[in-house]
Amino acid sequence: MIPTLEWTDEGVRFLDQTKLPLETTYVLATTYDEVATVIRDMIVRGAPAIGVSAAMGMALGIDRSTATTVEALTPEVEQMAAVLAGTRPTAVNLFWGIARLKDLYYKLATETVGRPEADRLRTIKAGVIAEAKQVYTEDIDTCKTMGRVGQDLLPREGTVLTHCNAGALCAAGYGTALGVIRAAVEAGADIHVLADETRPYLQGARLTAWELLQDNIPTTVLCDNMSGALMRQGRIQAVIVGADRIAANGDVANKIGTYTVAVLAKEHGIPFFVAAPWSTIDVNTATGDGIPIEQRSAREVTHSNGKQMTPDGVGIENPAFDVTPSKYVTAIITERGVLRAPYNESIAAMTNTQTAVSA
Ligand SMILES: CSC[C@@H](O)[C@@H](O)C(=O)COP(=O)(O)O
């Protein structure tokens with residue numbers, strides 16, 4: 001599997017997701033500012049991948065700083081955190097990745113007080129790079145655990161709908177929703193994936209289709225307005241999606257269009273699953289109403305492949321995410337176990353658990 005991103009001696013190397021599936025090219029970010037641009041421009045995207053990128057951006061910024069004292073480095077670290085936090089507002093993993101590196105920075109800065117400055121800086125730089133690499137490795141392990149935890153929930157044989165890309169490309173590898181599908185297929189399930197095209201950025205048509213075909217998992221792309229008709233015909237047995245942020249009550253923010261799919265699934269008695277790492281759960285946000293929804297540029301809607309599709313002067317909406325109320329969610333699959341309603345209670349009960357429990 002081609003890595004979504006990786007730490008190299010030259011900087012952080014990203015697979016350019018804006019070019020897939022037609023070109024497999026890479027972008028090298030050599031400063032934290034460049035990492036911020038890569039996130040903002042969606043060269044890397046998907047909640048867990050954004051979190052890992054933010055952690056690597058912080059490590060890169062700290063490592064490349066020319067500050068000669070910890071005192072001089074500290075305001076730079078705050079600036080790095082602010083720039084990275086300003087890229088995309090919805091995926092809480094972004095803030096989680098930044099906080100994890102910032103917390104370590106302050107811990108190491110405190111622990112090394114009294115030592116020569118050059119020695120302190122060396123220790124801090126080595127520490128944050130190791131931490132960023134650890135965040136990356138943990139992300140892959142987390143996705144694999146989610147796969148193991150959730151795979152029994154999918155049909156042994158049938159058609160599963162997904163929306164957006166919640167695969168290896170949205171994480172360091174393996175994927176969240178697609179990770180559960182991968183695990184089910186590895187365990188012998190015969191699953192055909194339906195991938196919503198996911199207008200306007202086409203994560204489903206371009207990315208989900210691309211990565212599943214690489215794994216020989218049969219995949220069919222649907223336009224975003226087709227799944228209701230297929231559900232009515234009994235041609236969809238389950239839905240599984242990822243999440244960008246899950247509120248304390250289980251409301252799920254995910255790619256725009258997810259809410260529509262969830263309501264349709266409930267109407268047709270089809271289970272609707274969400275797969276997300278624990279870092280996507282935001283216990284500080286009580287309900288989905290408190291989740292900030294990113295508004296992206298009108299041009300993503302007005303143009304396709306550089307060609308204008310709409311008349312000049314027409315109004316355009318482009319919210320990148322929507323919120324699915326928890327009443328539509330059959331279960332949330334995490335690396336700690338499967339959450340079920342009432343989500344306030346199941347999330348609170350699992351908050352201090354680290355080990356995966358079976359479905
Ligand atoms: C585990 S991926 C879950 C979500 O991040 C994914 O479904 C999604 O909405 C991605 O949005 P994107 O705008 O492509 O970053």
Side-chain angles (χ1 to χ4, degrees), residues 4-5 14-20 38-54 87-97 139-140 142-147 150 161-182 193 195-212 224 239-246 252-262 272-282 288 291-297 300-301 318-324 329 332-335:
T4 308
L5 72 160
F14 293 90
L15 176 61
D16 186 346
Q17 298 194 31
T18 66
K19 300 283 187 343
L20 290 172
V38 160
I39 296 172
R40 195 179 296 109
D41 292 351
M42 292 175 67
I43 287 165
V44 70
R45 31 70 46 207
I50 289 173
V52 177
S53 303
T87 51
R88 298 191 71 192
T90 304
V92 74
N93 311 59
L94 175 81
F95 309 98
W96 172 89
D139 188 68
I140 298 177
T142 297
C143 287
K144 291 196 167 159
T145 306
M146 267 188 281
L161 175 71
T162 190
H163 189 77
C164 194
N165 171 270
L169 291 169
C170 86
Y174 205 70
T176 57
L178 298 191
V180 176
I181 291 175
R182 278 197 170 92
V193 177
D196 272 344
E197 64 173 352
T198 320
R199 278 276 293 153
Y201 195 76
L202 302 181
Q203 287 93 333
R206 297 189 303 107
L207 308 178
T208 297
W210 181 78
E211 70 163 87
L212 289 181
D224 288 345
V239 179
I240 187 161
V241 298
D244 287 86
R245 196 185 292 223
I246 300 173
V252 173
N254 192 47
K255 181 52 55 191
I256 189 74
T258 303
Y259 170 57
T260 316
V261 173
F272 179 90
F273 300 115
V274 175
W278 200 266
S279 54
T280 302
I281 298 176
D282 179 7
I291 299 177
I293 300 294
E294 177 183 9
Q295 303 290 323
R296 291 191 64 87
S297 88
E300 288 180 355
V301 176
N318 191 13
F321 303 96
D322 60 25
V323 171
T324 298
V329 179
I332 299 174
I333 300 156
T334 77
E335 74 276 25

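These numbers come from a predicted model, not from an experiment. Whatever order the structure lists ligands and atoms in, that order sets their numbers, starting from 1.
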Subject >> Close residues, ligand 1: non-hydrogen atom nearer than 4.0 Å >> reply: M42, R45, G46, A47, P48, R88, C164, N165, A166, C170, T176, Q203, G242, A243, D244, N254, K255, F321
Original post:
Under a 4.5 Å cut-off applied to non-hydrogen side-chain atoms, are D16 and V44 in contact?
Top reply: no
Subject >> CD on Q295 to CG on N318, rounded to 0.5 Å >> reply: 7.5 Å
Original post:
Would you call D196 and T162 a side-chain contact if the rule is heavy atoms closer than 4.5 Å?
Top reply: no
Original post:
Are side-chain N/O atoms of D244 and T90 paired as donor and acceptor at under 3.5 Å?
Top reply: no
Original post:
Which pairs, with at least one residue in residues 272-281 and sequence neighbours excluded, count as a side chain to side chain donor-acceptor pair (under 3.5 Å)?
Top reply: N93-S279, N93-T280
Subject >> Separation between CG of N165 and CG of L178, rounded to the nearest 0.5 Å >> reply: 6.0 Å
